[in-house]
Amino acid sequence: MIRPPDYRRRHFPAIAAFVVLTAVIGPLLSTSRADQFLVDLWLVYSIAVLGFYLVFGLAGRFAFCQTFMMALGGYTSAWVTRDHSFLLGVVSAIVVTALAAGLVGFLIRKAQHFYFAMATFAVTQIGMTIVGQATSFTGPNGQATGIAPPSLFGHVFLQDADIFWLFLGVLTLCLILVAFIERSPLRREAVAARENGLVASLSGVGVQRVQLVLFMLGSAFGGVSGSLIGHWQGVISTDSFGTDLSIGIFLMLLLGGVDSIWGALIGAAVYVALPRLLSGIEHYSSIVYGVLLLVVVLAVPGGIAAAVRRLPRRFPRRFSRRVADAEG
Amino acid sequence: MLKAEQITVTFGGVRAVSDVSLAVPAGELLGLVGPNGSGKTTFLNAVCGIVPARGSLTVADRPVRLGRPNAACRAGIARVFQAPQTYGELSCLDNVLLSTSDRRLLGLTGAWPARPAMWKRERARWAFAMSALETVGLESCALEPASLLSYGQQRLLELARALAGSPSILLLDEPSAGLNDAETAALAALLGAVRAAGNTLVVVDHKIDFLDALCDRLVVLELGRVIASGPPDQVWRDDRVISAYLGVASDAEH
Ligand SMILES: Nc1ncnc2c1ncn2[C@@H]1O[C@H](COP(=O)(O)OP(=O)(O)O)[C@@H](O)[C@H]1O
Ligand SMILES: [Mg+2]
């Protein structure tokens, strides 16, 4: 039986390797409190960028509202956990962000490219303002404080070193869910809808439905990420999810690579590590991001993940086959 | 099978297709010809719902809403474009799989909770898509990205995708364009076989020998109107057809 290439890739061994590697290296990297913070931040941003991968990388919809979804998820979870459990808070964040994205995505289902980006940007602006004003929902000045720390099955995650395992667990779950999509007919339908919607719909693909589903799902990933950030930090404000982060999310995926699930993780790592590596010249960090982006656009159009994928071609065959099998 | 009545398409005041009516009985291979710019492509576009059009359309006596590609697809209309419309980054097999007529468990339900059922359906879809690739002779390229195919192969891939949807009627726009004589002969044999398998086809083409050998009936368009229709030898003796083609005789040869 001939299987399509997407079903031949070894997503799950690659995810297992990633998890083991991170479980070993993560704690080693976290020698100081500041470094532990950055490693945790990388994991939790990776979840949001993985969601953006679904929306933009896979479905080709440039949604500028991923940070709004993070904020909405964060505030929803903070509000729900005033009286209820952490788990219920995260689930509410997922439901509310998916529904919000469903509503927005349905209203602008016909908007293409630039118009979709503009509309989602507008949603972010309006949404953030409303959230900032709805003080009974968020808190004084749109700031939610005293958010309960994550707790599961009686275990409360207080230390950043503890949080690391929670975030790694959630990220792994998200990776598995995305890998299931990569190994399903939804992937080919999304690629077809993205590349040529008219021809796809003539083949029977429900273009708008596919794009809406992936937008809702990717936004829910953003909601999970925002919710986790809130419970981890104990406090969130509209500044936690400002325009810098909006552009940051886009930058992470572009740097890492838009066409594989690993791009999101690589890009988030670079984005989070860069200020640390540049300590001393932080003032120039926006220049460094800009230069990096130019390098990616001009030299490695597929992002770092694609550059890594191309690397084995320069090596002897046996090695290259092993690498090609290992990567997703 | 297909019945189009008074199809009219206007582009900002220009009537590219005006009041074209045609009926294609099941199992027929109809040739659609006419000078360049006579509205052949636009007519096909109207039938598959990718340009807004007025008029009425039925497939197997069921009305089809105009201007909706999805409605055209559901009605069993499939299309092969003049410039091949394939997905370069997807494998040939995936390209064909897109048009599967078994459209269940293609979304999140199949990807997550109903994976075993999805796999079962996918296996059947793969086998069916492979048989469509075999029909056009592309089975050896099944796993290669479509971007690696030649122009002629991409057209065959599109034909395989159209066939894999088990359409009621297949529309082909200049399938022989850009092919050499040997490839054109192979295509003619392939279309003959597709038709012999019970399919209904409408073929637009400029190569007259190619069409005459294949078609039962020709319909001639000029300036968006039907000017003649009938068996090929009779149509080519029609005075209006001769005068329509005289001015553009050179166009008609390629
Ligand atoms: N998208 C469009 N916008 C404006 N005019 C068009 C468009 N498509 C086709 N036309 C016009 O419609 C007429 C018929 O074109 P077409 O259907 O491509 O002819 P054919 O396929 O017979 O060569 C031409 O005059 C062409 O310029
Ligand atoms: Mg044409």
Side-chain angles (χ1 to χ4, degrees), chain A residues 1-9 11-12 54 57-60 98 102 110 173-174 176-218 220 258-260 302 306, chain B residues 45 48-50 68-74 77-79 81 84-115 118-119 121-123 125-127 129-130 133 139 142-145 158 161-162 164-165 167 171:
Chain A
M1 164 71 59
I2 290 199
R3 288 197 273 170
D6 286 323
Y7 292 86
R8 297 172 161 252
R9 300 217 169 95
H11 295 96
F12 296 114
L54 292 174
L58 206 50
K110 290 197 175 137
L173 201 64
C174 292
I176 291 172
L177 288 177
V178 175
F180 275 139
I181 291 175
E182 298 277 304
R183 304 170 69 82
S184 84
L186 186 54
R187 180 188 163 79
R188 65 168 178 262
E189 301 231 314
V191 171
R194 177 187 79 201
E195 295 299 314
N196 192 336
L198 203 59
V199 173
S201 61
L202 203 53
S203 294
V205 176
V207 172
Q208 289 173 5
R209 183 181 48 79
V210 166
Q211 292 184 334
L212 187 65
V213 163
L214 289 175
F215 180 49
M216 289 170 70
L217 185 62
V258 288
D259 59 359
S260 90
Chain B
N45 286 345
C48 19
I50 58 183
R68 296 287 163 102
N70 255 314
C73 175
R74 270 195 302 276
I77 297 171
R79 168 81 179 268
F81 289 87
Q85 302 288 322
T86 57
Y87 300 97
E89 75 180 73
L90 293 179
S91 70
C92 294
L93 185 56
D94 279 304
N95 268 275
V96 175
L97 282 166
L98 283 171
S99 68
T100 175
S101 47
D102 172 15
R103 304 211 64 82
R104 268 180 291 178
L105 295 180
L106 292 172
L108 274 189
T109 319
W112 291 348
R115 274 190 90 74
M118 179 275 279
W119 269 92
R121 286 187 184 278
E122 277 288 273
R123 285 208 188 86
R125 290 192 275 249
W126 299 339
M130 274 310 290
L133 281 173
E139 68 276 14
L143 299 182
E144 279 170 29
E158 241 200 289
R161 183 173 69 203
L171 314 173

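All chains are named by letter (A, B, ...) in the order of the sequence lines, taking the proteins before the strands, and each is independently numbered beginning at 1. Since the structure is predicted, the reported quantities are computational estimates derived from the model, not experimental observations.
B:Leu98 touches chain A through backbone and side chain together, each having a heavy atom under 4.5 Å away. Within the 4.5 angstrom heavy-atom criterion, atoms from both the backbone and the side chain of B:Leu97 approach chain A. Contact of A:Leu214 with chain B is not made at all, since no heavy-atom distance falls under 4.5 Å. Contact annotation for B:Gln85: both backbone and side-chain heavy atoms come within less than 4.5 Å of a heavy atom of chain A. With a threshold of 4.5 angstrom between heavy atoms, B:Leu93 approaches chain A through side-chain atoms but not through N, CA, C or O.
Per-residue counts of heavy-atom pairs under 4.5 Å with chain B were compared for A:Ile2, A:Asp259, A:Val207; the largest is that of A:Ile2. Per-residue counts of heavy-atom pairs under 4.5 Å with chain B were compared for A:Leu217, A:Leu186, A:Val205, A:Leu202; the largest is that of A:Leu202. Top candidate by heavy-atom pairs under 4.5 Å with chain A, chosen from B:Glu122, B:Arg74, B:Met130, is B:Glu122. Ranked by heavy-atom pairs shorter than 4.5 Å toward chain A, the options B:Ala127, B:Pro69, B:Gly107, B:Pro167 are led by B:Pro69. Ranking A:Pro5, A:Ala192, A:Ser184 against chain B, the residue ahead of the rest is A:Ala192, based on heavy-atom pairs under 4.5 Å. The candidate with the highest count of non-hydrogen atom pairs below 4.5 Å against chain B, out of A:Ala200, A:Ala190, A:Pro185, is A:Pro185. Taking B:Arg68, B:Met118, B:Arg115 one by one and counting their heavy-atom pairs under 4.5 Å with chain A, the maximum is reached by B:Arg115.
Here A:Asp6 pairs with A:Arg9, A:Arg187 under the side-chain hydrogen bond (donor to acceptor under 3.5 Å, both in side chains) rule; sequence neighbours left out.
Nearest heavy-atom pair, B:Leu143 versus A:Pro4, reported as atom, atom and distance to 0.1 Å: CD2-CA, 4.2 Å. The two atoms that bring B:Phe81 and A:Val199 nearest to each other are CE1-CG2, 4.1 Å, heavy atoms only. Of all the heavy atoms in B:Glu158 and B:Pro84, the pair that sits closest is OE1-CA, 3.2 Å. Here the closest heavy-atom approach between residue A:Tyr7 and residue A:Arg183 is recorded as O-NH2, 3.1 Å.
Identified under the salt bridge (charged side-chain N to carboxylate O under 4.0 Å, His left out) test for residues 98-111 of chain B, with sequence neighbours left out: A:Glu189-B:Arg103, B:Asp102-B:Arg121, B:Asp102-B:Arg125.
Side-chain contact check for B:Arg79 versus B:Ile50: some heavy-atom pair is nearer than 4.5 Å.
One N or O on the side chain of B:Ser99 and one on the backbone of B:Arg161 form a donor-acceptor pair closer than 3.5 Å.
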